[in-house]
Amino acid sequence: MKMPSRSGFREIEHTADWAIEAWAPDLEGLICQVAAGMYALMGIKACPEPMVTHSIALSAEDRESLLVAFLTELLYLAESRSLVCDVVELRCSNTGLCASLETKPIDRIHRQVKAVTYHNLEVKSTPEGVSVVVVFDA
């Protein structure tokens, strides 16, 4: 399948939950696209208040687990602290990630994501870079 641009995401049909397909030239870009796609699915709108910097470091067994850990951290910040994050800087390998995030208070969330799933999760290498389909428990 030919991707419409070098980086992006789109919602795709799923029988019971929500799913997005994302693609990018590299793993860092892919993680950012999936995060943006998750926020888009949730219909999150941020308050126009000043941003606060937040840093995270994560490790995992593989790229898929790293992606789930990062998205789960973003969901935790949204649910527990009512914060939405923009990625300012992201460095990662197949098993580790360091990110600098700018957070803003959430004004509204249209719909909740309960969890990021491992359902058929596989980060795939493509001629254009990497791609993934992520299923969210709604």
Side-chain angles (χ1 to χ4, degrees):
M1 178 177 118
K2 180 94 171 133
M3 300 298 176
S5 68
R6 289 186 44 88
S7 295
F9 66 87
R10 65 184 177 104
E11 185 174 0
I12 58 175
E13 293 290 322
H14 192 273
T15 54
D17 295 312
W18 298 326
I20 61 169
E21 177 182 26
W23 57 93
D26 54 31
L27 186 57
E28 288 91 350
L30 183 69
I31 289 171
C32 291
Q33 290 299 319
V34 175
M38 180 180 75
Y39 286 146
L41 281 177
M42 295 171 72
I44 286 183
K45 182 176 186 276
C47 293
E49 297 179 20
M51 293 187 182
V52 176
T53 302
H54 179 80
S55 297
I56 61 170
L58 301 169
S59 61
E61 292 181 17
D62 53 32
R63 299 185 300 183
E64 291 79 10
S65 298
L66 192 63
L67 177 61
V68 169
F70 182 70
L71 296 172
T72 299
E73 180 71 17
L74 295 184
L75 281 177
Y76 170 78
L77 291 170
E79 291 173 3
S80 69
R81 297 187 186 168
S82 294
L83 296 173
V84 63
C85 303
D86 286 324
V87 176
V88 176
E89 181 181 353
L90 178 67
R91 293 183 323 272
C92 67
S93 66
N94 288 335
T95 59
L97 175 149
C98 291
S100 177
L101 309 171
E102 287 185 340
T103 63
K104 279 188 173 182
I106 293 173
D107 181 44
R108 69 171 172 81
I109 296 178
H110 180 65
R111 51 189 183 176
Q112 292 287 336
V113 166
K114 294 179 190 172
V116 184
T117 74
Y118 283 91
H119 179 72
N120 293 330
L121 185 64
E122 180 184 1
V123 175
K124 296 179 181 177
S125 295
T126 68
E128 293 85 14
V130 287
S131 69
V132 69
V133 171
V134 180
V135 177
F136 299 93
D137 185 10

Heavy-atom side-chain proximity of Leu67 to Ile31 below 4.5 angstrom
yes

List the atom of Pro48, the atom of Lys104, and the distance in Å for their closest heavy-atom pair.
CA-NZ, 4.5 Å

Counting only N and O atoms by type, is there a donor-acceptor contact under 3.5 Å from the side chain of Ser100 to the main-chain atoms of Glu89?
no

Taking the side chain as every heavy atom from C-beta outward, state whether Ser7 and Gln33 have any atom pair closer than 4.5 Å.
yes

According to a hydrophobic-cluster definition based on side-chain heavy atoms being under 4.5 Å apart (Ile, Leu, Val, Met, Phe, Trp, Tyr only), do Val133 and Val113 belong together?
no

To the closest 0.5 Å, what do you measure between CE (Met42) and CD (Gln112)?
5.5 Å

Whether the side chain of Arg6 engages the backbone of Trp23 through a donor-acceptor N/O pair (distance < 3.5 Å, no angle test) should be reported.
no

Quick check: does any side chain N or O of Thr117 sit under 3.5 Å from a backbone N or O of Val135, one acting as donor and the other as acceptor?
yes

Would a 4.5 Å heavy-atom cut-off, applied to side chains only, mark Ile56 and Leu101 as touching?
yes

Between His54 and Arg81, is a side-chain contact (heavy atoms from CB on, under 4.5 Å) present by the stated rule, with each step listed?
CA-CA 12 Å; His54 179 80; Arg81 297 187 186 168; 3.9 Å; yes

Heavy-atom side-chain proximity of Ser59 to Thr95 below 4.5 angstrom
no

Around Tyr118, counting heavy atoms of other residues, nucleotides and ligands shown, do more than 12 lie under 6.0 Å from its OH?
yes

CA sep, side-chain torsions, deciding dist, call: Ile20, Ile12, side-chain contact (heavy atoms from CB on, under 4.5 Å)
CA-CA 5 Å; Ile20 61 169; Ile12 58 175; 5.8 Å; no

Check for a donor-acceptor pair, side chain of Ser65 on one end and backbone N or O of Glu61 on the other, with a separation under 3.5 Å.
no

Are Asp62 and Asn94 packed together at the side-chain level, in the sense that at least one heavy-atom pair is separated by less than 4.5 angstrom?
no

Indicate if Met38 and Leu27 have the same hydrophobic cluster label, given that clusters are the connected sets of ILVMFWY residues with side-chain heavy-atom separations under 4.5 angstrom.
yes

Would you say Arg111's side chain and Leu41's backbone share a donor-acceptor pair under 3.5 angstrom?
yes

Ile44 with Leu71, same ILVMFWY side-chain cluster at under 4.5 Å
yes

Joint cluster assignment, Leu66 & Val130, ILVMFWY side-chain distance < 4.5 Å
yes

Under 3.5 Å, side chain of Glu64 to main-chain N/O of Val123, donor-acceptor pair present?
yes

Donor-acceptor pair, side chain of Glu28 and main chain of Cys92, under 3.5 angstrom:
yes

Decide yes or no for Phe70 and Leu58: does some side-chain heavy atom of the first lie under 4.5 Å from some side-chain heavy atom of the second?
yes

In terms of hydrophobic clusters joined by side-chain contacts under 4.5 Å, are Leu30 and Val87 together?
yes

Do you know the tightest heavy-atom contact between Asp17 and Ala138?
OD1-N, 3.5 Å

Checking Tyr39 side chain against Asp86 main chain: does a donor-acceptor pair fall under 3.5 Å?
no

Check whether any side-chain heavy atom of His14 lies under 4.5 Å from a side-chain heavy atom of His119, and answer yes or no.
yes

Report yes if the side chains of Leu90 and Cys32 come closer than 4.5 Å at any heavy-atom pair, otherwise no.
yes

